[in-house]
Amino acid sequence: MLNPLRQWRAKAKPLLSFSPQPLNFLFFTNPLSVSALESIDDEVSPIDTSDPLRFLARQIVTGFNTIGPRRVLCCPEFKTLVLSLNAKQVEDIIDFLREKNPKCAVVLFNLLKNDLGFQHCRISWFVVAHILAKKRRFNKLREVLQEFVDHEGSGSAPVLCELLLKRFRGWDSNGQVWDMLVSVYSRNELVQDALFVLAKMKKLNFQPFISTYNNLLYNLRHTDIMWDVYNDIMENGIRPTEYTNAILIDGLCKQYKMEDALAYFSEKERKDISPSLVSLNTLMSGFCKMGFTGVAKSFFCLMLKYGLVPDTYSYNILINGLCVAGSMEEALEFAYDMEKQGLEPDNITYNTIAKGFRLLGLVSGAWKVMQKVLLRELDPDLVKYTLLICGHCQIGNTKEGFKLLKEMFLRGFQMSIISYNVLLSSLCKSGRVHEAKKLLHEMESNGLNPDLTTYSILISGFCRQGEVEVAILLYKDMCSKQIFPNSFSHGAILSGLCETDTINVARMYFDSLVKIDLVVDVVIYNIMIDKYAKIGDVGEAVKLYMQIIEKGIMPTVVTFNSIIYAFCKMGKLAGARRWLEVMKVHGIVPSIVTYTTLINGCSEQGNTNGMLKLLWEMEAEAVEPNSITYTVVIKGLCKQGKMPESLEILDDMYCKGLLPDQITYNIIIQSFCRTRDIRNAFLLHDDMLMHNLQPSAATYNILIDALCQYGELKDADWLHTVLQNQGVRLSKVALTTMIKAHCAKGDVYKAKELFQQMAELGFNVTLKDYSAVINRLCNRSFIVPAKSFLHMMLYNGISPDEELCTMMLDTFKQVGEFSSAFELLSLMIKSGLLPD
DNA sequence: GTAGGGTTAG
């Protein structure tokens with residue numbers, strides 16, 4: 001699109017060419033026109049055509065009053081005429097109209113700006129602002145100044161103040177315009193500009209409204225400047241409001257100054273100012289975030305003592321605190337209590353509790369206890385059912401969730417959209433997106449309208465499964481229902497798109513978000529940056545980082561972690577370290593993820609010294625390594641064949657109470673297998689069992705693979721049988737490994753048995769699997785079984801590709817199996833695969 | 001003015 005300003009200038013002609021004659025169309029025979037015309041001038045004078053601008057202004061008023069602004073605007077002559085004016089001329093007209101007919105001035109200003117894309121000069125903006133302020137239309141005033149400030153951007157305060165001071169001093173409502181300017185700057189988080197205007201106001205003896213101060217305080221609550229503003233309020237003798245206090249408390253909590261927050265709160269209390277619910281909620285939230293749920297609970301009691309009724313915020317804040325602290329039982333009690341007090345738990349409550357279950361799911365046996373709590377009273381109600389569904393889904397038991405949904409339905413409960421969303425999310429997480437889509441239709445037929453959450457879950461689910469087309473259809477479906485994604489759902493969708501193999505689709509979506517600009521926060525950037533980091537595109541990741549900085553968005557620790565990851569992935573360790581410094585310069589404290597990423601970078605390069613140095617550095621910065629950090633260190637040591645050292649670290653982990661998981665063990669086991677030390681590999685496997693750690697599918701893949709390669713195939717078969725008897729299912733990879741090994745050794749019978757088993761277990765057997773087997777059989781000239789596998793493949797509806805056919809054809813020719821060769825040839829011709 | 005959710009490491 002062409003820049004409106006340029007468009008305007010292209011059409012602009014010098015005013016000299018202006019002549020009033022063509023404007024006669026604006027005069028109407030309607031008697032109204034006469035009075036309208038008279039109303040703009042005090043003395044009823046004959047039309048004066050010698051001052052063209054004044055004349056035009058009058059005509060505009062006449063037109064607006066007789067046929068309405070819209071229709072005036074539609075007159076091509078009017079448009080042409082107006083488009084020939086420059087900003088200064090429009091400014092004169094608007095200023096003239098301000099005295100004669102201020103309403104017309106505002107209408108003209110807006111029409112030109114919105115319908116013709118006219119760029120007004122600063123004076124026009126302020127003239128209109130003053131008109132609105134005088135009429136006390138503060139919402140409109142805010143809107144206009146908001147747009148003005150958006151346009152002027154950061155650092156514009158000095159220029160605007162200068163103008164206000166020189167051109168508008170003494171105008172009616174000048175103070176309100178100043179005041180609103182502070183408010184708008186601070187809302188836009190242009191704090192420096194806001195403070196600048198505030199200082200000028202002080203010099204002019206204009207007193208800002210307390211709401212303006214509150215606005216500014218809110219945007220400064222993360223910093224100490226908050227106190228300067230607060231002192232300013234006090235010095236000016238302005239009474240702080242409830243809001244002021246709540247913001248200050250929130251600010252102190254956000255700065256982790258809990259004692260100061262408490263002191264401030266008690267000071268107000270001493271002054272007999274009874275605390276507001278919001279202040280108490282804020283304090284609860286602050287203490288919960290610090291992990292002090294006990295203190296938070298006492299504030300809850302304090303509320304009751306003051307006769308304040310806890311609201312949904314109070315409950316959700318406390319429930320969240322308890323969930324994060326692992327006190328699920330209490331969290332659930334509060335959720336019940338909430339309902340008893342007539343407050344329905346909402347989306348936020350359930351989301352929070354679901355997160356609690358998820359966190360608790362890591363503790364074995366916890367769910368059983370929770371289930372008992374939930375079922376303590378025999379008849380579950382809507383809340384309990386929803387909570388139960390949350391719990392089952394979070395531990396991956398979607399089936400039980402469905403059972404409960406059905407039960408709810410049979411017992412005549414009014415189904416809630418939340419239960420469905422929980423189930424949908426569970427299905428999508430396990431990749432069962434098509435079942436999820438069916439459930440969507442079911443909920444719709446039950447008269448429930450899917451909401452933003454529903455669509456976000458499904459869209460990101462389909463994206464993650466690589467079915468972008470379905471996701472796009474759902475997206476369109478959603479928008480057609482007037483449901484528009486917010487920053488959170490955009491994030492969900494974008495990260496879903498990032499899971500698909502091409503980055504282009506994700507980038508296109510990202511670019512479209514950036515273009516509308518409203519919803520792009522740092523997380524959206526983080527998602528995109530991380531995608532580039534994962535594919536090793538350091539350049540693009542850094543480019544996006546630069547964009548963040550240019551836009552004045554504060555990068556987070558995640559932003560830096562992803563960039564550091566990108567550098568490590570490309571083996572540019574020096575670069576990664578430089579970014580660690582950049583991060584510190586921004587005042588962002590490196591996290592455990594930062595250090596683990598860097599250590600992994602060193603470990604990949606076999607740089608043990610680098611790893612150790614980083615471990616010390618972590619210690620110095622008081623960042624405690626976790627089991628992932630140690631696993632990375634073990635990986636590094638294993639890579640260099642330092643097996644005894646690896647085992648030592650494993651012991652250290654147990655000593656420090658950091659439990660190694662399957663991945664930790666798999667790394668060591670694999671390393672032993674690589675050195676053909678199968679004995680030690682199996683000893684570690686036993687060690688896992690001893691520590692109550694169930695080996696994962698990957699563990700058995702590694703072990704089976706090792707047995708097939710270096711050990712006895714018999715042992716692999718034996719392990720397979722043992723696992724089968726224990727009900728442990730081997731992965732497809734492990735089965736394929738065994739099949740290939742049996743083929744290579746010539747045990748066709750066993751290979752076929754395993755192959756059939758693979759299909760029976762529901763694994764998706766592909767052309768690649770068949771090709772791998774047939775290839776090995778052909779290599780050993782096992783013609784009959786090779787043919788038999790080919791037939792099995794054709795029977796199952798899989799056609800061979802050219803590569804497979806050519807390979808078989810060559811084998812058949814070599815061993816003189818001409819009839820088989822001809823048979824294959826005819827098959828190839830039928831399939832359109834003609835040999836050279 | 002107060003609550004969660006979308007993003008990072010083995």
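Just so we're on the same page: letters track the sequence lines, and every chain starts at 1.
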Worksheet entry | Heavy-atom donor-acceptor pair, Asn281(A) side-chain to dG1(B) base, under 3.5 Å | no
Practice prompt. With heavy atoms under 4.0 Å as the rule, sort Ile348(A) into base, sugar-phosphate or nothing.
Written response: base
Worksheet item: Is there a donor and acceptor pair, one atom on the side chain of Asp521(A) and one on the base of dG6(B), closer than 3.5 Å?
Response: yes
Discussion item. Once hydrogens and angles are ignored, does a donor-acceptor distance under 3.5 Å link the base of dA9(B) to the side chain of Asn626(A)?
Written reply: yes
Worksheet item: When we call it a touch if two heavy atoms are under 4.0 Å apart, what does Tyr243(A) touch: a base, just sugar-phosphate, or nothing?
Response: base
Practice prompt. Assign Ser487(A) to base, sugar-phosphate, or nothing according to its heavy-atom contacts below 4.0 angstrom with the strands shown.
Written response: base
Response to the item:
Phe209(A) atom CZ is separated from dG1(B) atom P, nearest whole Å, by 17 Å
Worksheet, complete the sentence: From CG of Asn351(A) across to C1' of dG6(B) the rounded distance in Å is 12 Å
Practice prompt. For the side chain of Asp250(A), starting at C-beta, report the closest nucleotide among dT8(B), dG1(B), dG4(B).
Written response: dG1(B)
Worksheet item: Under 4.0 angstrom, heavy atoms only, what part of the nucleic acid is Ser276(A) near: base, sugar-phosphate, or nothing?
Response: base
Worksheet item: Can a side chain N or O of Lys289(A) be found less than 4.0 Å away from OP1 or OP2 on dA3(B)?
Response: yes
Fill in: Euclidean distance, atom CG of residue Leu598(A) to atom P of dA9(B) [Å, nearest integer]
13 Å
Discussion item. Can you tell me if Asp511(A) has over 12 outside heavy atoms packed within less than 6.0 Å of its CG?
Written reply: yes
Worksheet item: For Leu497(A) and dT7(B), what is the distance between atoms CG and P respectively, to the nearest whole Å?
Response: 13 Å
Discussion item. Can you tell me which nucleotide in dG10(B), dG1(B), dA3(B) comes closest to the side chain of Ile663(A)?
Written reply: dG10(B)
Fill in: Candidate pair Val433(A) and Leu427(A), rule side-chain contact (heavy atoms from CB on, under 4.5 Å), full reasoning
CA-CA 6 Å; Val433(A) 285; Leu427(A) 286 175; over 6 Å; no
Item to complete: Would you indicate what Thr664(A) reaches in the nucleic acid, counting non-hydrogen atoms under 4.0 angstrom: base, sugar-phosphate, or nothing?
Response: base
Worksheet item: Does the ring centre of Tyr654(A) sit less than 6.0 Å away from the ring centre of His691(A)?
Response: yes
Practice prompt. Mind checking Val632(A) for me? I need base, sugar-phosphate or nothing, with any heavy atom below 4.0 Å counting as a touch.
Written response: sugar-phosphate
Worksheet item: Nearest to the side chain of Ile527(A), which nucleotide is it out of dT2(B), dT7(B), dT8(B)?
Response: dT7(B)
Practice prompt. Using a heavy-atom cut-off of under 4.0 Å over every strand shown, decide if Ile628(A) touches base, sugar-phosphate, or nothing.
Written response: base
Discussion item. Quick check for you: among dT7(B), dT8(B), dA3(B), whose closest atom lies nearest to any side-chain atom of Thr312(A)?
Written reply: dA3(B)
Worksheet item: NA contact type, Thr631(A), heavy-atom cut-off 4.0 Å: base, sugar-phosphate, or nothing?
Response: base
Discussion item. Can you confirm if the aromatic rings of Trp579(A) and Tyr565(A) lie within a centre distance of less than 6.0 Å?
Written reply: no
Worksheet item: So what does Asn245(A) touch, heavy atoms closer than 4.0 Å: a base, only the sugar-phosphate, or nothing?
Response: nothing
Worksheet item: Given atom CG of Leu220(A) and atom P of dG1(B), what is their separation to the nearest angstrom?
Response: 14 Å
Fill in: Distance in angstrom units between Leu322(A) CG and dA3(B) P, rounded
16 Å
Worksheet item: Counting distance only, does the side-chain N/O of Glu604(A) pair as donor-acceptor with the main-chain N or O of Lys569(A) below 3.5 Å?
Response: no
Discussion item. Please tell me whether Phe300(A) and Phe334(A) form a close aromatic pair, meaning their ring centres lie under 6.0 Å apart.
Written reply: yes
Fill in: Candidate pair Phe265(A) and Leu302(A), rule side-chain contact (heavy atoms from CB on, under 4.5 Å), full reasoning
CA-CA 12 Å; Phe265(A) 175 78; Leu302(A) 202 62; 4.1 Å; yes
Practice prompt. Report the nucleotide, chosen from dA9(B), dT2(B), dG6(B), that has the shortest atom-to-atom distance to any side-chain atom of Asp311(A).
Written response: dT2(B)
Item to complete: Kindly confirm whether the side-chain ring of Phe488(A) is stacked on the base of dG5(B), judged by centres under 5.5 Å and planes under 30°.
Response: yes
Discussion item. Taking only side-chain N and O atoms of Asn320(A), does any of them lie within less than 4.0 angstrom of OP1 or OP2 on dG4(B)?
Written reply: yes
Worksheet item: For Ile524(A), which contact category applies under a 4.0 Å heavy-atom criterion: base, sugar-phosphate, or nothing?
Response: base
Worksheet item: Under 4.0 Å between a side-chain N/O of Lys534(A) and OP1 or OP2 of dA9(B), yes or no?
Response: yes
Worksheet item: Contact class for Asp661(A) vs. all strands (heavy atom < 4.0 Å): base, sugar-phosphate, or nothing?
Response: base
Worksheet item: Touch check for Tyr218(A), heavy atoms < 4.0 angstrom, all strands: base, sugar-phosphate only, or nothing?
Response: sugar-phosphate
Discussion item. I want to verify a distance call: between dG6(B), dA9(B), dG1(B), whose nearest atom is closest to the Ile247(A) side chain?
Written reply: dG1(B)
Worksheet item: Within the modelled atom types, does a donor on one side and an acceptor on the other bring the side chain of Thr352(A) and the base of dG5(B) under 3.5 Å apart?
Response: no
Response to the item:
Of the candidates dT8(B), dA9(B), dG5(B), the side chain of Val558(A) sits closest to dT8(B)
Response to the item:
Out of dT7(B), dA9(B), dG4(B), minimum distance to the side chain of Val523(A) belongs to dT7(B)
Fill in: Sidechain-backbone polar pair: Asp521(A) side chain, Ile524(A) backbone, donor-acceptor under 3.5 Å
yes
Item to complete: Would you kindly give the CD1-to-C1' distance between Ile459(A) and dG6(B), to the nearest whole Å?
Response: 13 Å
Worksheet entry | Length of the line joining Lys254(A):NZ and dA3(B):C1', which is rounded to integer Å | 10 Å
